[in-house]
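Here the structure comes first, spelled out in structure tokens, and everything after it is commentary.
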Amino acid sequence: METLRQLIEEAVIEGLVIVAGPEGATMDPLVRPTPDPKFGDYQSNVAMGLAKRLGRKPRAVAQALVDALDIADVCEPPEIAGPGFINFRLRPAYLAAQLGRVQADPRLGIPPVDRPWRTVVDFSSPNLAKEMHVGHLRSTIIGDAIARVLEFQGHDMLRLNHIGDWGTQFGMLVQYVRATQPDVLHHPERFRIDDLEAFYRQAKQRFDEDPEFADAARRAVVDLQSGEPVARRLWEVFCGESLRHARDIYDRLGIRIEDRGESFYNPMLPAVVEELRERGIARRAEGAVCVFLPGWKNREGEPLPIIIQKSDGAYNYDTTDLAAIRHRVQAERARRIIYVVDIRQRQHFEMVFQAARLAGFVSSDETAPAEVVLEHVGFGMVLGPDRRPFKTREGGTVKLKELLDEAVARAASVVEAAEDERRREMSPEQKAEIAAAVGLGAVKYFDLSHSLASDYVFDWETMLAMDGNTAPYMLYAYARVRSIGRRAGVDFDALPADLPLLLEHETEIALAKALLEFPGVLQQVSEELRPHVLTDYLYGLSRRFSAFYDRERGVRVIDAEPESVRHSRLRLCDLTARTLKLGLGLLGIAVVEQM
Ligand code: ARG
């Protein structure tokens, strides 16, 4: 189904062809939601620019366009305002018919895309040797939401965890452990993530203080890379334990992701460097192998290269990312690769993408219509109440496991505090389910509802508030709509579907429009990769629902008469619930039927 806006855009384009000739077909119809509902629902500003080109009066051009429009079944007669804005107001009968169709469709009127794209989402991607902490939160949550939206659209998704499981930090660890902790080799099963953290701290300290140790650590990297058995075995123990720990977090958050860390690409690195040199893109400079990209200068105005092989022969993060792009395009046949990574890595990705294009890594094969799309979705930091990077009170890193535990515990008391008759009869299991949904949902929703690039202050009170644009409010809104069905004694699924609804009251019409905006919103999220567009929409939808269901402002539902009106309104409830459930689900947030 087309989105409402597309429908109007297409009609305006047809009108443009009539008014301006064939070139009208290539013009942007400039259709936007109106700034104020009193002008209608959508507005086109195309007449002004067109008038200039045709040397005619804008209002006259607007009138010619309106006369040429074939849109009477969708909109009321369009009105011309001001210097030549054309305002469109959707007809309730049209909305009613569309909603009837949406109701009959389990996908709520959103068909899978015609041409699915093989799409990689590279997200979460923690560096091992550390327990997952708050710094991994955003990538994990945002990446999952983006993957879910694209998956729902029918794209062929590959969710990849580009784990930092390779590199100098492991040399340091291997050296420290093989020199001082022989037990790890003998009893790897006793090794725990906490040990790893402690070893890492100690190793880092020695690395910084003791040059001899630092040298030995560098040699350990070489041992690891050349497959020396002890180094290799220790590395496996470290990674195995870290991954097991990460897996617990993902399971708890309901996140699917495939582990494919940096080490996976390690065997490909020499060939990548070779290929870049052969193509004349990389060359030796001061012992290292570098890629000089046009346009990149450092502060001193000197060329700023990407180093892909250091003078000691070691490869690095950039090399691995180049190899990963090549592999994802050539072996995985990706058409779009999305990196959900801290915004501070923007330059890294810009440079790597540019290098990959130069190297021809992104024009896959003859069958691919165009270059592979590479996108970096950068996000801001999570801050503490002091607006500095979020730390524990003692100044340590906030571990993700502890953060999630706290979220659920706090949610339990919030839900408990909101006294409600029915809740007293709930079983402990049911209460636990609600606390988990609210707590984890709150952390996710709070994160996703911020615009990506800005930092935000992690604030339990705001995210767990029962009112406002929060998960508790949204989950409560959902449960409340579902309870209407129970109280009305109707099974939503058994309500007549595929008939037009009856839309009369202004709150009904407003709710209907909001429901029909959902496909357009998902479309926008999938293009712009900004999940907060979806949270804003869902919040707006639940507000429209509240107005509709409100005793004073809205309409009667459960006791509405006659039956046809009651059914129509219950169907609006059903559609609202389904839209909220699907929308929240695409954000990775599970709903509960009762709250
Ligand atoms: N491990 C990296 C970090 O913690 C993030 C990796 C992101 N993905 C990538 N392909 N570079 O900073």
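Reckoned from all heavy atoms, side chains included, excluding hydrogens, waters and symmetry mates. Counting starts at 1 for both ligands and their atoms, following the listed order.
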- Task: Output yes when the distance from some N or O of ligand 1 to some N or O of E262 is under 3.5 Å, and no in every other case.
- Result: no

- Task: Please could you name the atoms of ligand 1 that D122 approaches to less than 4.0 Å, counting only its heavy atoms?
- Result: 7 (C), 8 (N), 9 (C), 10 (N)

- Task: Would you verify whether the NZ or CZ of R218 falls within 45 degrees of the ring axis of F213 while also being under 6.0 Å from that six-membered ring's centre?
- Result: no

- H348: which of F353, Y317, W296 passes ring-ring contact (aromatic ring centres under 6.0 Å, His included): Y317

- Check the side chains of S124 and T140 for a donor-acceptor pair under 3.5 angstrom, ignoring hydrogens and angles. yes

- Query: Counting each atom of ligand 1 from 1 as listed, which ones have a heavy atom of N127 under 4.0 Å away?
  - Reply: 1 (N), 2 (C), 3 (C), 4 (O)

- Taking only residues at least two apart or on different chains, which pairs with a member in residues 237-265 satisfy ring pair (Phe, Tyr, Trp, His ring centres under 6.0 Å)? H162-Y265, F191-F238, F264-H327, Y265-H327

- Query: Does R256 offer a backbone N or O that forms a donor-acceptor pair with the side chain of R159 under 3.5 Å?
  - Reply: yes

- Note on the structure: Numbered in order shown, the ligand 1 atoms found under 4.0 Å of a heavy atom of Y317 are 2 (C), 5 (C), 6 (C), 7 (C), 9 (C), 11 (N)

- Message: Need the ligand 1 atom indices (1-based, order shown) with element for anything under 4.0 Å from a heavy-atom of Y339.
- Response: 10 (N)

- Message: Quick check: D321 and ligand 1, any N/O pair under 3.5 Å apart?
- Response: yes

- Message: So for F349, does at least one of its heavy atoms come nearer than 4.0 angstrom to any atom of ligand 1?
- Response: yes

- Quick note on ligand 1: atoms under 4.0 Å from a heavy atom of V341 include exactly 7 (C), 8 (N)

